[in-house]
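Written below as structure tokens is the structure these notes are about.
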Amino acid sequence: MRRRVPRRYAKVDPRTFVKISLKTDSRAVAELKAKAAWAELIDGWEARLAGDTDDADDRFAAAREIAQKRGFRFLPVQQVARLPVEEIVERIEAATDRIGRVNKQEADALLGVVKPPEIMLAGILDEYWPFARDKIRGKSPDQLRRWRNPQIKAFKNLLAITGNKPLSELTRDDMLDLVQWWQDKIERENLTPNSANKDFTYIASVLRRLNEKKRLGLDVENLVGRLRIAEHEKGHRPPFSTTWIREKLLAPGALSGLNGQARGILIGMINTGYRPSEAASLLPEHIVLDATIPHIVIAPEGRQLKSQYSRRSIPLTGVSLEAFRQNPRGFPRYADNPALSATVNKFLRENGLQETPEHTLYCLRHSFEDRLLAAEVDERIRRDLMGHTLNRQRYGHGASLEHMHGILKGVAI
């Protein structure tokens, strides 16, 4: 397809083109250079034409392209004004033809007077999502929902304070007003600062990336830097005691009112310490019951794991092995279903199976780790079984399935 050439450039004298653009009178040399140079000229013309538009997004994109074609980085006018004088002059000269005429579109692009399209706070996340593809890669639909929702909440809270205003008009005072709003809410509702600080973190992260990717030229650090409400000592999830697990949770009929798949995940967790979401996402091929050592494989298929260290194999022992024998195809009812923890925790609460009001399903993971500690299991093996990061270089492949199986038989319930 032939590239469109503006009518006013269609009759360029080839000899003038050769002398000016190719800097040679030699036909042989010119023929070598002409194709690339002509393409570069047409790119420049097309960028100018694209800039001749009322659409703010197109106009800004064209300005950045014009600057790039002229060998400059697009900078907002405020940053151009801070450049050394000789660099400003160089930009002006690049927008000026041989007889001193200034091309307005090129000058606007090179001097940064083309304003970026206005982004309203109510639409900021719609602008941000396309630039966050690296953060959502591999996430299941439910993981994506849980990743997005806290950010949606954070900007909803900010909008409640500022109203829907242009991002360029967001000020440090607006952010300090949000901090004060959270402080009042924390005192009024007896909350911890954790939710507030998460809001500040999400807002800062979105603004930093959007500012970088769209070249908005905002002073983001002045807006969101050092926003934090001091936190007291974080709450600690208590482990279920071994006695409580044996005498309460595993008492005959204690869990009979819980649906079979939720019950299987709970009992399977006792001797594996997996995360509930890891169990819910197990595929049939991840449950290996007919091997010499029955085991499960935690793998990133259909979802994203918490970290690279979460990928692991865990031998099945004790009551957990029996739970998987009853659920050899996994737990499809809870695959990508956020209701699991709420269902189990409600059942424990309503049936007197919480050791304390703070105990939840997740506390079985802590119980498993405590039993490993009490058995003086090596830190590397503990972390490999739990899917935790090791605070030193990992060497070798770690303990074999047989080795881990021998350890777990000693701590299994």
Side-chain angles (χ1 to χ4, degrees), residues 56-57 60 115-232 234-235 276-277 303-304 306 336-343 345-346 360 362:
D57 285 303
F60 187 63
K115 293 182 179 180
E118 200 69 82
I119 299 174
M120 303 299 289
L121 287 182
I124 198 168
L125 289 175
D126 290 332
E127 297 282 344
Y128 168 72
W129 302 136
F131 295 118
R133 289 191 294 271
D134 60 312
K135 295 179 178 290
I136 66 176
R137 192 175 298 116
K139 280 182 164 58
S140 70
D142 183 58
Q143 286 179 315
L144 180 59
R145 178 190 63 81
R146 287 187 281 122
W147 176 78
R148 281 184 167 181
N149 279 353
Q151 296 170 89
I152 294 171
K153 178 183 77 69
F155 278 93
K156 181 179 179 182
N157 289 336
L158 178 61
L159 276 165
I161 303 302
T162 65
N164 188 22
K165 63 194 300 185
L167 175 58
S168 61
E169 295 179 13
L170 188 67
T171 66
R172 178 71 175 182
D173 280 345
D174 290 327
M175 299 309 301
L176 294 177
D177 287 344
L178 178 63
V179 173
Q180 185 60 56
W181 178 84
W182 262 113
Q183 286 177 328
D184 294 342
K185 182 178 177 69
I186 288 167
E187 292 177 8
R188 183 174 64 253
E189 300 179 20
N190 195 28
L191 305 174
T192 69
N194 184 54
S195 292
N197 291 329
K198 284 183 177 179
D199 267 17
F200 306 149
T201 298
Y202 288 128
I203 291 170
S205 177
V206 168
L207 294 187
R208 287 190 182 104
R209 179 162 292 207
L210 204 56
N211 187 51
E212 174 192 358
K213 296 298 185 181
K214 293 185 77 73
R215 278 81 162 177
L216 300 179
L218 300 175
D219 188 353
V220 175
E221 295 314 310
N222 179 57
L223 277 174
V224 299
R226 305 176 306 283
L227 292 180
R228 192 160 190 82
I229 298 175
E231 297 191 50
H232 302 297
K234 291 184 178 180
S277 60
R303 68 187 301 272
Q304 189 179 64
K306 186 175 178 66
D336 207 36
N337 183 339
L340 171 63
S341 291
T343 297
N345 292 333
K346 180 181 180 182
T360 65
Y362 205 91

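Basis for what follows: all heavy atoms, side chains included, without hydrogens, waters or symmetry-related copies. Numbers here simply count residues along the sequence, with the first being 1. Bear in mind the structure is a predicted one, so any value in this text is a computation, not a measurement.
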Validation row: Leu227, Thr201 side chains within 4.5 angstrom (heavy atoms): no
Which residues pass the side chain to side chain contact (heavy atoms under 4.5 Å, CB included) test with Lys165, not counting sequence neighbours? Leu121, Thr162, Glu169, Asp174
Could you tell me whether the side chain of Phe131 reaches within less than 4.5 Å of the side chain of Leu210, counting heavy atoms only? yes
Is the shortest heavy-atom distance from the side chain of Ile136 to the side chain of Gln143 under 4.5 Å? no
d(Asn194 CG, Lys198 NZ) to nearest 0.5 Å is 4.5 Å
By salt bridge (charged side-chain N to carboxylate O under 4.0 Å, His left out) - contacts of Arg145 (at least two apart): Asp142
Inter-residue atom distance Arg146.CZ - Ser277.OG, 0.5 Å rounding: 6.5 Å
Looking at side-chain heavy atoms only, is the closest gap between Leu178 and Met175 below 4.5 Å? yes
Checking Asn197 side chain against Ile229 main chain: does a donor-acceptor pair fall under 3.5 Å? yes
Salt bridge (charged side-chain N to carboxylate O under 4.0 Å, His left out) filter on Lys153, not counting sequence neighbours, yields Asp199
Beyond-backbone contact of Leu176 with Gln180, side-chain heavy atoms, under 4.5 angstrom: no
If we ignore hydrogens and angles and just use 3.5 Å, is the side chain of Arg172 paired with the main-chain N or O of Gly225 as donor and acceptor? yes
Please report the shortest heavy-atom distance between Leu159 and Asn164, naming the atom on each side. CD2-CA, 3.7 Å
Any Pro193 side-chain heavy atom under 4.5 Å of Trp182 side chain: no
Test your reading of the model: is there a side-chain donor-acceptor pair from Asn211 to the backbone of Leu207, 3.5 Å cut-off? no
Say you draw a straight line from CD1 of Ile119 to CG of Leu125; how long is it, rounded to the nearest 0.5 Å? 11.0 Å
Sub-4.5 Å side-chain heavy-atom contact between Leu170 and Leu218: no
With sequence neighbours excluded, what pairs up with Trp129 under the ring pair (Phe, Tyr, Trp, His ring centres under 6.0 Å) test? Trp147
With sequence neighbours left out, write down each residue that passes salt bridge (charged side-chain N to carboxylate O under 4.0 Å, His left out) with Glu212, or none if nothing qualifies. none
Is Lys139 close to Arg148 at the side-chain level, that is, under 4.5 Å between some pair of heavy atoms? no
Leu167 and Lys214: CA distance, side-chain angles, deciding distance, side chain to side chain contact (heavy atoms under 4.5 Å, CB included) verdict: CA-CA 12 Å; Leu167 175 58; Lys214 293 185 77 73; over 6 Å; no
Please give me the minimum heavy-atom distance between Arg209 and Ala132, naming the atom from each residue. NH1-CA, 3.9 Å
Could you give the distance from CG (Leu158) to CH2 (Trp181), rounded to the nearest 0.5 Å? 10.0 Å
Hits for salt bridge (charged side-chain N to carboxylate O under 4.0 Å, His left out) against Glu221, two or more places apart or cross-chain, chain-then-number order -> Arg208
